[in-house]
Trainee: 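Pasting a structure below so you can have a look.
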Number of protein chains: 2
Amino acid sequence: MSSSVQGKRIRKSPAARRAEIVDAAATVALTEGLECVTLRRIGEALGVRPGLISHYFPSAEDLVAEAFGSAASAELDALLPAERSGATATQHLARFFAHAEGEAYDDISRLWINARHLSRYRSVLRDRVAEQEAAWRGRLGDLIRQGVERGEFHTDDPGVTTVQILVVLDGLGAHANTDTGNRPEAVTRMAVTTAERELGLTSGTLAASL
Amino acid sequence: MSSSVQGKRIRKSPAARRAEIVDAAATVALTEGLECVTLRRIGEALGVRPGLISHYFPSAEDLVAEAFGSAASAELDALLPAERSGATATQHLARFFAHAEGEAYDDISRLWINARHLSRYRSVLRDRVAEQEAAWRGRLGDLIRQGVERGEFHTDDPGVTTVQILVVLDGLGAHANTDTGNRPEAVTRMAVTTAERELGLTSGTLAASL
DNA sequence: GATGTTATTGAGTGTGCGACCAATAAGCAA
DNA sequence: TTGCTTATTGGTCGCACACTCAATAACATC
């Protein structure tokens, strides 16, 4: 951690400072929520006066949107890398679900709920949410289309199948703030089950290919 | 609307005033969001000073929880009446989906997103959300169990099927604040499709029984 | 009509927020 | 070293919020 008391001013290049601010904001967004992304809170995290954050983000709303965008796209890259390694589409998809079912994914679910709600009031964030939704849809869609081309998956409309899987994931994630964790196996596995059914895979294929 | 300028004090019985406050709060929650349920906003809606709201709800958090509970349970009663009329379980279920697919349901979806997010910070609301989730699950579960008893539906575990349907509905509702409305038919119908599949109904049964 | 209970008001406290701006100093260039 | 650009500070303003509490007036009861 950086020392809380600032003896001397540390002057950084605009690019570096801006990146630092966005990083801190993304972390706060992920751990404490988007409404905690305030000038004061981020300034405190960086050992810097709130006014400085204002200097880089004249409108606080922009920073909030940036924080969400940064956190969401980083997570997407971790979950579904843009350039895929040599593994099969099935393996990539299996790995995706393994992450998305894990407890560590709860933070991401919380962030999505947070962003979807807050977009009701903040238009800049709303646009960013739409952008990220498109990115996630695109990335998963690409993987599925690739699987179809290779003959691993079978579906009439890869686009529809993609959205169906994402809808189930959203539904499962909706309870990230309330659920006590005692969910029937058949429910936890809904995303995988949906994928296997819609992609013409025999049940158990995804779990087996890890 | 009530006159905005209050010439004379209007003194009401505690029960009546409290009911009036909860009603106003539920309306604001549904139309403007739970964070707009403030002492000032509700006082304004009733043509009354904010202090009076404090008098009935010493902690504002309780009012927010009450507003959500009131709105959610009213909606549940409209969607799935506790005492069902003579119609078949299939008909009741079909009516439920017809409502839940309609545009008017967006307000409810928004409210649920709102409540699920806000429960991250407000424990009283969190308990209320859990309570309402149980109520919705119970009400839909009862209908499904009744349908199974009557031989209309077929499922090994009515409880699991109930939750699966609700998960899909939550997933579809998650986008209430952002979606532009251009969703493929196969996605919009996911809830009905899921229900028909999990309840052993032939496709189209629910749409046909209205 | 007088009286007492209490629903309702009015005024004030403290907190956290975004936004604004003049003053300051860090670090690069000459 | 000197100077200049500008990143950074420090302070202020206005707003909205929940919460507190003494003063007030509506209304039921006698």
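So you know, we letter chains A, B, ... as the sequences are listed, proteins then strands, and number each from 1.
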Trainee: Please pick, from dT9(D), dA19(C), dT8(C), the nucleotide with the shortest atom-to-atom distance to any side-chain atom of Arg9(A).
Mentor: dT9(D)
Trainee: What nucleic acid atoms does Pro50(A) come within less than 4.0 Å of, heavy atoms only: base, sugar-phosphate, or nothing?
Mentor: nothing
Trainee: In whole Å, I'd like the distance from the CG atom of Leu63(B) to the P atom of dA18(D).
Mentor: 9 Å
Trainee: Is the shortest side-chain N to carboxylate O distance from Arg110(B) to Asp107(B) below 4.0 Å?
Mentor: yes
Trainee: Quickly work out the Leu46(A) CG to dT9(D) P distance and round it to whole Å.
Mentor: 10 Å
Trainee: Distance check: side-chain N/O of Arg17(B) vs OP1/OP2 of dT8(C), anything under 4.0 Å?
Mentor: yes
Trainee: Indicate whether any N or O donor in one side chain lies under 3.5 Å from an N or O acceptor in the other, for Thr155(A) and Thr161(A).
Mentor: yes
Trainee: Roughly how many Å is it from CD1 in Ile10(B) to C1' in dT9(C), rounded to a whole number?
Mentor: 14 Å
Trainee: Counting only side-chain heavy atoms from C-beta out, which of dA26(D), dA19(C), dT9(D) sits nearest to Leu52(A)?
Mentor: dT9(D)
Trainee: As a test of reading the structure: which of dC27(D), dA19(C), dA18(D) is closest to the side chain of Ser59(A), going by heavy atoms?
Mentor: dA19(C)
Trainee: Just wondering, do Leu93(B) and Leu199(B) contact through their side chains at under 4.5 Å, heavy atoms?
Mentor: yes
Trainee: Are Arg49(A) and dT8(D) close enough that a side-chain N or O sits under 4.0 Å from OP1 or OP2?
Mentor: no
Trainee: Using a heavy-atom cut-off of under 4.0 Å over every strand shown, decide if Ser13(A) touches base, sugar-phosphate, or nothing.
Mentor: nothing
Trainee: Is Pro58(A) touching bases, backbone alone, or none of the nucleic acid, heavy atoms closer than 4.0 Å?
Mentor: sugar-phosphate
Trainee: Could you tell me if the side chain of Arg95(B) sits less than 4.5 Å from the side chain of Pro81(B), heavy atoms only?
Mentor: yes
Trainee: Please state how far atom CD1 in Ile53(A) lies from atom C1' in dA7(D), giving the value in whole angstrom units.
Mentor: 12 Å
Trainee: Is His55(A) near enough to dT8(D) that one of its side-chain N or O atoms lies under 4.0 angstrom from OP1 or OP2?
Mentor: no
Trainee: Nearest to the Leu39(A) side chain among dA19(C), dT8(D), dA25(D), which nucleotide is it?
Mentor: dA19(C)
Trainee: Are side-chain N/O atoms of His175(A) and Glu133(B) paired as donor and acceptor at under 3.5 Å?
Mentor: yes
Trainee: Mind calculating the distance between CD1 (Ile21(A)) and P (dA7(D)) to the nearest angstrom?
Mentor: 11 Å
Trainee: Let me know the distance between CZ of Arg11(B) and P of dG4(C), rounded to the nearest Å.
Mentor: 15 Å
Trainee: If only side-chain N and O atoms of Thr38(A) are considered, is one of them under 4.0 Å from the OP1 or OP2 phosphate oxygen of dC17(C)?
Mentor: yes
Trainee: For Ile42(A) and dC17(C), what is the distance between atoms CD1 and C1' respectively, to the nearest whole Å?
Mentor: 14 Å
Trainee: Taking only side-chain N and O atoms of Arg40(A), does any of them lie within less than 4.0 angstrom of OP1 or OP2 on dG16(C)?
Mentor: no
Trainee: Please determine whether a side-chain nitrogen or oxygen atom of Tyr56(A) lies at a distance below 4.0 Å from atom OP1 or OP2 of dT8(D).
Mentor: yes
Trainee: Calculate the interatomic distance between Phe57(B) atom CZ and dT20(D) atom C1'; express it in whole Å.
Mentor: 19 Å
Trainee: dA26(D), dT20(D), dT8(D): which one has an atom nearest the side-chain heavy atoms of Lys12(A)?
Mentor: dT8(D)
Trainee: For the side chain of Pro14(A), counting heavy atoms from C-beta on, which of dA7(D), dT20(D), dG27(C) is nearest?
Mentor: dA7(D)
Trainee: Can you tell whether the side chains of Arg116(A) and Asp170(A) come within less than 4.0 Å, N to carboxylate O?
Mentor: yes
